[in-house]
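Small disclaimer: the values here were computed from a predicted structure and weren't measured. Residue numbers start from 1 in every chain, and the chains themselves are labelled A, B, ... in the order their sequence lines are given, proteins ahead of strands.
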2 protein chains.
Amino acid sequence: MVEYSRHLDAVFHALADPTRRAMLGHLAERELTIGELATPFHMSFAGASKHVRVLENAGLVKRTIRGRTHLCRLEAARLAEANAWLRRYERFWNAKLDALEALLLEEDKAKAKKVKE
Amino acid sequence: MVEYSRHLDAVFHALADPTRRAMLGHLAERELTIGELATPFHMSFAGASKHVRVLENAGLVKRTIRGRTHLCRLEAARLAEANAWLRRYERFWNAKLDALEALLLEEDKAKAKKVKE
DNA sequence: CGAATACTCAACCATGTGGTTTAGTATAGA
DNA sequence: TCTATACTAAACCACATGGTTGAGTATTCG
């Protein structure tokens, strides 16, 4: 759980930029080269390339060099880690789950009582 | 959906720091003052205070000034937004949820149909 | 009142960030 | 082979970040 920490730093930092989030969105459709990733943005090629590097370092993108083009594909495992971290706070934003939790808690109490008896 | 973008920048940036993530963890237990939030960390009081400010600006923490102490409580709505963003990639890391997603999508379609009618 | 407490603000520092441009490397294709 | 393509690397810029210290502002309490 603590092992996530380093990952999470990099992943959340990578996600904190709208360009990079958009890039991930495009990669969700299909694999793309650096050039294809770069074109939608008003930015130099090198600039976009640096964003891809950040995503790669965060483990969100894997690169396959094929000839002179670099094919990038989405790697979702680290997104799953980030999601897992966020889910720990789910009960704070989801009242329905709060009620469920209360229910389960009571069930647990009932069980505990039975065990004691 | 695009409206999230500004929020997401701030939220993900706030979450990219382990000190701030730990602070949120503590706030999940109970409301805390700035001083209580600061003590666990090897850091000046003012330094910790700046972290709280970042969380506050990201909308993750609400502050209630009570006399000379500032009580902070977790505000999870923005975490929910971040979670919603991440969930769009769920199918990439969880094959089982893929089926669920398809199901929900059909339900949504059914609902949309009803609304239209 | 006076002193301790809880906190902010401002200035400062080193480093990191997002962006650029220019130059360089390696591959593909005429 | 010669040139266009796809990309990286490096140097540079302005600005943000995470951290510090020191001073300032309320508020509480003896």
Side-chain angles (χ1 to χ4, degrees), chain A residues 5-27 30-75 78, chain B residues 5-27 30-74 78 82:
Chain A
S5 194
R6 287 290 170 117
H7 286 348
L8 286 177
D9 286 6
V11 169
F12 281 131
H13 169 249
L15 296 182
D17 184 284
T19 300
R20 290 192 290 262
R21 285 200 306 277
M23 282 177 165
L24 290 180
H26 296 144
L27 286 173
R30 61 184 182 87
E31 300 190 0
L32 294 167
T33 67
I34 307 282
E36 288 170 328
L37 277 170
T39 32
F41 305 102
H42 308 155
M43 186 182 303
S44 70
F45 191 98
S49 171
K50 279 168 81 171
H51 278 301
V52 176
R53 173 80 66 192
V54 171
L55 290 168
E56 200 182 4
N57 288 340
L60 297 173
V61 158
K62 287 289 182 226
R63 180 193 306 242
T64 310
I65 301 181
R66 192 189 290 182
R68 64 184 162 175
T69 73
H70 296 205
L71 246 196
C72 299
R73 72 162 197 282
L74 182 62
E75 194 75 17
R78 295 286 164 79
Chain B
S5 193
R6 287 290 168 116
H7 287 346
L8 286 177
D9 286 6
V11 168
F12 282 132
H13 170 249
L15 296 182
D17 183 286
T19 299
R20 291 193 288 263
R21 286 200 306 276
M23 282 179 166
L24 289 180
H26 297 143
L27 285 173
R30 60 184 183 89
E31 297 190 2
L32 293 167
T33 67
I34 307 282
E36 288 171 327
L37 277 171
T39 32
F41 305 101
H42 309 154
M43 187 183 300
S44 70
F45 191 97
S49 171
K50 279 169 80 171
H51 278 299
V52 176
R53 172 80 64 191
V54 172
L55 291 169
E56 201 183 3
N57 289 339
L60 297 173
V61 157
K62 287 288 181 225
R63 179 192 308 241
T64 310
I65 300 180
R66 193 187 288 182
R68 65 184 161 176
T69 72
H70 296 205
L71 245 195
C72 299
R73 75 161 195 283
L74 183 61
R78 295 287 164 78

Quiz item: Which salt bridge (charged side-chain N to carboxylate O under 4.0 Å, His left out) pairs, counting each pair once, include a residue from residues 33-52 of chain B, with sequence neighbours left out?
Solution: B:Arg30-B:Glu36
Practice problem: Look at B:Thr33 and C:dC7 and indicate whether a side-chain polar atom (N or O) is within less than 4.0 Å of OP1 or OP2. | Solution: yes
Practice problem: Let me have a per-nucleotide readout for nucleotides 14-30 of chain C, 5' to 3', with B, S or -, counting only protein heavy atoms under 4.0 Å. | Solution: ---SSBBB-----BS--
Practice problem: Measure the distance from CG on B:Leu55 to P on D:dT17 and round it to the nearest whole Å. | Solution: 13 Å
Practice problem: Write down the distance between CD (A:Glu36) and P (D:dA6), rounded to a whole number of angstrom. | Solution: 10 Å
Exercise. Round to a whole Å and report the spacing from CG of B:Asn57 to C1' of D:dT17.
Key: 14 Å
Quiz item: B:Phe12 vs A:Phe12 aromatic rings, parallel, tilted or perpendicular, using cut-offs 30° and 60°?
Solution: parallel
Self-check item: For the student: nearest non-hydrogen atoms of A:Leu71 and A:Thr33, plus distance
Solution: CD2-N, 3.9 Å
Quiz prompt | Rounded distance in Å - CD (A:Glu56) to P (D:dC7) | solution = 13 Å
Quiz item: Is any side-chain nitrogen or oxygen of B:Arg53 closer than 4.0 Å to OP1 or OP2 of C:dC7?
Solution: no
Quiz item: Within the pair B:Ser49 and C:dT8, is there a side-chain N or O less than 4.0 Å away from OP1 or OP2?
Solution: yes
Self-check item: Separation of A:Asp17 CG from A:Met23 CE (nearest 0.5 Å)
Solution: 9.0 Å
Exercise. Name all residues meeting the side chain to side chain donor-acceptor pair (under 3.5 Å) criterion together with B:Glu31; count only those two or more places apart in sequence or in a different chain, and write none if there are none.
Key: none
Practice problem: Give, for atom CG of B:Asp9 and atom NE2 of B:His7, the distance between the pair rounded to the nearest 0.5 Å. | Solution: 11.0 Å
Quiz item: Just how far, in rounded Å, is P of C:dC9 from NE2 of B:His70?
Solution: 9 Å
Self-check item: Spacing between A:Ile34 atom CD1 and D:dT5 atom P, to the nearest angstrom
Solution: 18 Å
